[in-house]
Enquirer: 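The structure that follows is given in the form of structure tokens.
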2 protein chains.
Amino acid sequence: MVTLAEVAQHAGVSASTVSYVLSGKRSISANTRQRVERSIRELGYHPNAGARALASSKSNIIALMIPLRTDMYVPVMMEIAIAVATSARTHGYDVLLLTGEEGPDAVRRVAGSGLADGMILMDVELDDERLPLLRATDQPSVLIGLPADTAGLTCVDLDFHATGALCVEHLAKQGHQDVALIGEAPAVYERHTGFAERTLDGLRSRSRELGVRLLHRPCEGGYDAMAVTLARILDERPGTSGIIVQNESAVEPLLALLRQQGRAVPEDVSVVAICPDQVATQASVRLTSVAIPAQEMGRHAVEHLVAKLEGRGSDEVVLIAPELTVRASTGPAPSRS
Amino acid sequence: MVTLAEVAQHAGVSASTVSYVLSGKRSISANTRQRVERSIRELGYHPNAGARALASSKSNIIALMIPLRTDMYVPVMMEIAIAVATSARTHGYDVLLLTGEEGPDAVRRVAGSGLADGMILMDVELDDERLPLLRATDQPSVLIGLPADTAGLTCVDLDFHATGALCVEHLAKQGHQDVALIGEAPAVYERHTGFAERTLDGLRSRSRELGVRLLHRPCEGGYDAMAVTLARILDERPGTSGIIVQNESAVEPLLALLRQQGRAVPEDVSVVAICPDQVATQASVRLTSVAIPAQEMGRHAVEHLVAKLEGRGSDEVVLIAPELTVRASTGPAPSRS
DNA sequence: TTCGGGTATCGAAGCGCTTCGACAACCTAT
DNA sequence: ATAGGTTGTCGAAGCGCTTCGATACCCGAA
């Protein structure tokens, strides 16, 4: 392992000079700088991360806590994780991957050991048990997702309330009166995951305003669960002509079932999905959808965290405005016979 | 931040004693140990990661390089990543997430800076450009996936060759004579990703042995691409009665198309999938499949790497034996008319 | 010519931990 | 009673880096 001291000797300067060349915190003559840089290259020097962290009390690492569960939105999680890792690198940070498994202890461990300079939490629940700790240790952090009380926290999320509203609006505009939301698995609602409830809220209040009748049914992913759910919906509200799906693994089963029952999309039933664009464009019907901007969320989270770490930046809630893309799965409501 | 020295003072012992209590590398009297442990608890002490790394030249971090691309097997990647993170923790390691983006430079950076003690590489290509570096720096590492030349490397993977063989065997046993493989996207083959080629090899050689006619067609995910691919297959080999799919995002479109064309599964066509169990059981037909043991792969990779880091363990290739689960998508070949 | 004020560099003091050698205290076998 | 071996603890050296004065030099203004 090549050390700073060896580089210094090779370049004929002192160790501190090399350090200043590296950090740029003091001015260095062009001549010296070049000599040092040459030595660094020739010796293949890489600063030792541990020594750096110790001396500067900065690890240049961001911790990312991802949920252990894989019952929902796996590709979205992955995309966010990759976006976080990628944009962290552009700011000179590496990413430490923590799973939810350790729970709050992970927060304590990371904050206490100085392993990471800050953390990004995904899949934050409304009343997340990690939040008190985060506030107490005032660990620089950014949440992806919205807890019930955001005081003193920085959060990034899609504006799911507006998303819900946007979906009904689109359907209402086409004359749909009876709309159903096929949601996430019941467990997701029981867990009080914010995004699911906020979508529902937005949907409900806008439906009321627009005079649309709304039925909400959670649904496990998969074909069988979907069959049951769909049957119930059509049984209870036979006139349902608009369906909003917020569950990736329910999308394709839904389309298959509708087809099987002879209900044409969008002639008989309009479908709006809340899902990544990739899912919407690859489905058997190109779906009108509100995209989940995973990359953007990851990037925002990193940027806010970095800002905090650099002393800029403040606590705030960033809600990304939803965008609805019209594709082939929605159209005018069928005329009531 | 509480330091070792403060704990020592609080417990009335020297710093080194506290260190030995923590590491267990020298015997400590029960009495002293308890006093120290109490102080640690009372002060809420956490060892500083940087200082530790510096003094011991061990970071207790494993780097995990995941592919940047998300054109395939995203849930599998995620599951592996989570399994790696989880089992790393049980061995006292944390996981640093690197994306493929930096390419070989990441290997250099991590190895050079002592950021991580070892690394796990996912999505290794047959002739991966990171391998020469890995060998040169003799960085402790484990690959998930198999390169062309495994000399001096430790690799963990599903035995895709056997997987391919297993799939045809199952179909042949049921009397299927014309079998098609619907594979990954063409880009995957062009990239010479090992698993795809090995599956094909296994499939081909076993087909030859069994006298089965095999047709291989790569396929992008999604409904439209699938429609084209399927049409071509049935056009070229109208008698095809067995289909093997190795592409998660082609599974549901395939089933939908078969249904639409009035071909019953498994009465007219048998389908075997190579995919995670979750996909197989959630599909609109419960699929006979060979599971991709993501968790097991992640766990194996960590265990081998940890063994290496502890001086045990050697270079070897671990191929996990495939298991085929019979579900509702395969049956006897229809009698030729 | 002298002095203030940059600019470029150096030396030394840590950062918080691990680890090695030393040493005291005790026990056992002679 | 003494040599030899254990066991438990301590002190100090260092891991490789950052950073804070201090210093030496050079320039232009007085």
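Convention: sequence-line order gives letters A, B, ...; per-chain numbering from 1.
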Enquirer: Does A/S57 make a side-chain N or O approach to OP1 or OP2 of C/dC15 shorter than 4.0 Å?
Expert: no
Enquirer: Base, sugar-phosphate, or nothing: which does A/L54 touch, judged by heavy atoms less than 4.0 Å apart?
Expert: base
Enquirer: Nucleotides 19-21 of chain C: which of its N/O atoms have a protein N/O under 3.5 Å away?
Expert:
residue: C/dT19; atom: OP2; partner: B/K25; partner atom: NZ; Å: 3.0
residue: C/dC20; atom: N4; partner: B/Y20; partner atom: OH; Å: 2.6
residue: C/dG21; atom: N7; partner: B/R26; partner atom: NH2; Å: 3.3
residue: C/dG21; atom: O6; partner: B/R26; partner atom: NH1; Å: 2.3
residue: C/dG21; atom: O6; partner: B/R26; partner atom: NH2; Å: 3.3

Enquirer: Restricting to side chain to side chain contact (heavy atoms under 4.5 Å, CB included), what partner residues turn up for B/S113, sequence neighbours left out?
Expert: A/A49, B/L115
Enquirer: Could you pull out all residues at least two apart from A/R33 that satisfy side chain to side chain donor-acceptor pair (under 3.5 Å)?
Expert: none
Enquirer: Per the end-axis method with five pairs at each terminus, what is the bend angle of the helix from C/dT1-D/dA30 to C/dT30-D/dA1, to 10°?
Expert: 50°
Enquirer: If you measure only the distance, is there a donor-acceptor pair under 3.5 Å linking the side chains of B/T90 and B/S87?
Expert: no
Enquirer: Run through A/L146, A/L126, A/L158 and flag the one making a side chain to side chain contact (heavy atoms under 4.5 Å, CB included) with A/R198.
Expert: A/L146
Enquirer: With B/L305 as reference, evaluate B/V156, B/T154, B/L64, B/V142 under the side chain to side chain contact (heavy atoms under 4.5 Å, CB included) test and give the passing residue.
Expert: B/V142
Enquirer: Hydrogens and angles aside, do B/S16 and B/S19 bring a side-chain donor and acceptor to less than 3.5 Å of each other?
Expert: no
Enquirer: For A/V2 and B/V13, take the nucleotide of DNA chain D holding the closest heavy atom to each; which residue's nucleotide lies nearer the 5' end?
Expert: B/V13
Enquirer: At under 4.0 Å between heavy atoms, what does A/I28 touch on the DNA or RNA strands: base, sugar-phosphate, or nothing?
Expert: sugar-phosphate
Enquirer: Could you give the CG-to-P distance, from A/L22 to D/dC17, as a whole number of Å?
Expert: 9 Å
Enquirer: Listed by chain and number, what are the ring-ring contact (aromatic ring centres under 6.0 Å, His included) partners of A/F160, not counting sequence neighbours?
Expert: A/F195
Enquirer: Assess the side chains of B/T32 and B/S29: does a donor N or O sit below 3.5 Å from an acceptor N or O?
Expert: yes
Enquirer: Using whole Å, report how far CD of A/Q34 lies from P of C/dT9.
Expert: 12 Å
Enquirer: Using a cut-off of strictly less than 4.0 Å between a heavy atom of the residue and any atom of DNA chain D, enumerate the qualifying residues of residues 43-52 of chain A by number.
Expert: A/Y45, A/P47, A/N48, A/A51, A/R52
